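Below: the structure, in structure tokens.
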Amino acid sequence: MNHTIKTLVGAAAIAIAAGYAMPVPQAKAQSLCGHYVVLGCFKTLTQAQNRLTRLGGPGVGGWAGARVVNTNEYPNFRNGWFCVADGPYASRNEAMSIAWKEAVPDAYVKNSC
């Protein structure tokens, strides 16, 4: 692994561990397309991070793991929000099978792209 990739991977790991939303380069946004379980959306990153922390922190949830996403990076999300989301999942049914409704009654599934 070259130095640039190691640096990017290390920075992403630190940001994910801290619960921060990372900007997604346009080429990578395509790979993040799929169905997400949305667990709350907020105008500030701090509010979203607080929700994620209350739910158990980064990675909690289904096999995809919850994190804060910047909606500006996803074509089907409304711009200007930070959402706590678990995904991406390959299908709506797969996302709906994750048992978030018990913890977040108003959770819903949204296709990101």
Side-chain angles (χ1 to χ4, degrees):
M1 195 179 305
N2 70 34
H3 178 69
T4 302
I5 292 173
K6 285 181 184 178
T7 301
L8 289 173
V9 169
I14 291 168
I16 290 168
Y20 291 101
M22 293 286 294
V24 179
Q26 194 60 24
K28 299 230 178 198
Q30 185 76 19
S31 67
L32 296 178
C33 288
H35 293 81
Y36 287 78
V37 182
V38 179
L39 306 167
C41 294
F42 306 89
K43 280 299 200 176
T44 70
L45 179 59
T46 300
Q47 290 172 309
Q49 289 171 334
N50 288 341
R51 168 67 63 94
L52 181 60
T53 298
R54 283 194 302 276
L55 292 173
V60 70
W63 64 264
R67 65 183 175 282
V68 174
V69 298
N70 181 338
T71 61
N72 296 345
E73 303 296 333
Y74 300 86
N76 287 347
F77 280 55
R78 183 177 292 182
N79 285 343
W81 295 85
F82 296 96
C83 294
V84 178
D86 183 6
Y89 293 95
S91 71
R92 182 175 187 75
N93 286 339
E94 190 175 282
M96 289 176 65
S97 73
I98 307 303
W100 274 113
K101 284 288 195 178
E102 293 81 20
V104 182
D106 60 348
Y108 62 94
V109 174
K110 184 165 183 76
N111 188 351
S112 64
C113 297

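Not measured: the values here are computed from a predicted model.
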> Going through the distances and angles, do Asp106 and Lys101 end up as a side-chain contact (heavy atoms from CB on, under 4.5 Å)?
Replying inline: CA-CA 7 Å; Asp106 60 348; Lys101 284 288 195 178; 5.8 Å; no
Drop me the distance from [X]'s [atom1] to [Y]'s [atom2], to the nearest 0.5 angstrom.
X      : Y      : atom1 : atom2 : answer
Gln49  : Leu45  : CD    : CG    : 4.0 Å
Arg67  : Tyr36  : CZ    : OH    : 4.5 Å
Cys33  : Asn111 : SG    : CG    : 7.5 Å
Cys113 : Tyr74  : SG    : OH    : 8.0 Å
His35  : Ser112 : NE2   : OG    : 8.0 Å

> Quick one: does Asn72's side chain have a donor or acceptor within less than 3.5 Å of a partner on Asn79's backbone?
Replying inline: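 Not at all, since once roles are kept as given, no pair shorter than 3.5 Å links the two residues.
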>> For the backbone of Asn76 and the side chain of Lys110, can you confirm whether one donor and one acceptor N or O come within less than 3.5 Å of each other?
In response: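 Yes, Lys110 side chain to Asn76 backbone: donor-acceptor pair under 3.5 Å.
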> What are the two closest non-hydrogen atoms of Ala64 and Pro88, and how far apart are they?
Replying inline: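 Between these two residues, the closest heavy atoms are CB-O, 3.9 Å.
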> What are the two closest heavy atoms between Ala107 and Trp100, and how far apart are they?
Replying inline: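 Result for this residue pair: CB-CB, 4.3 Å.
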>> With a 4.5 Å cut-off on side-chain heavy atoms, are Val69 and Cys83 touching?
In response: yes
>> As a quick check of understanding, evaluate side-chain contact (heavy atoms from CB on, under 4.5 Å) for Met96 and Val109, giving each step before the final call.
In response: CA-CA 7 Å; Met96 289 176 65; Val109 174; 3.5 Å; yes
> Side chains of Gln47 and Thr44: donor-acceptor distance under 3.5 Å anywhere?
Replying inline: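 The answer is yes; a qualifying pair exists.
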>> Please say yes or no: joined through hydrophobic side-chain contacts below 4.5 Å, possibly via intermediate residues, are Trp81 and Leu39 part of one cluster?
In response: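 Trp81 and Leu39: separate clusters.
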>> For Asp86, run the side chain to side chain contact (heavy atoms under 4.5 Å, CB included) check against Leu55, Ile98, Val38 and tell me which one passes.
In response: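 That would be Ile98; it is the only one of Leu55, Ile98, Val38 passing the side chain to side chain contact (heavy atoms under 4.5 Å, CB included) with Asp86.
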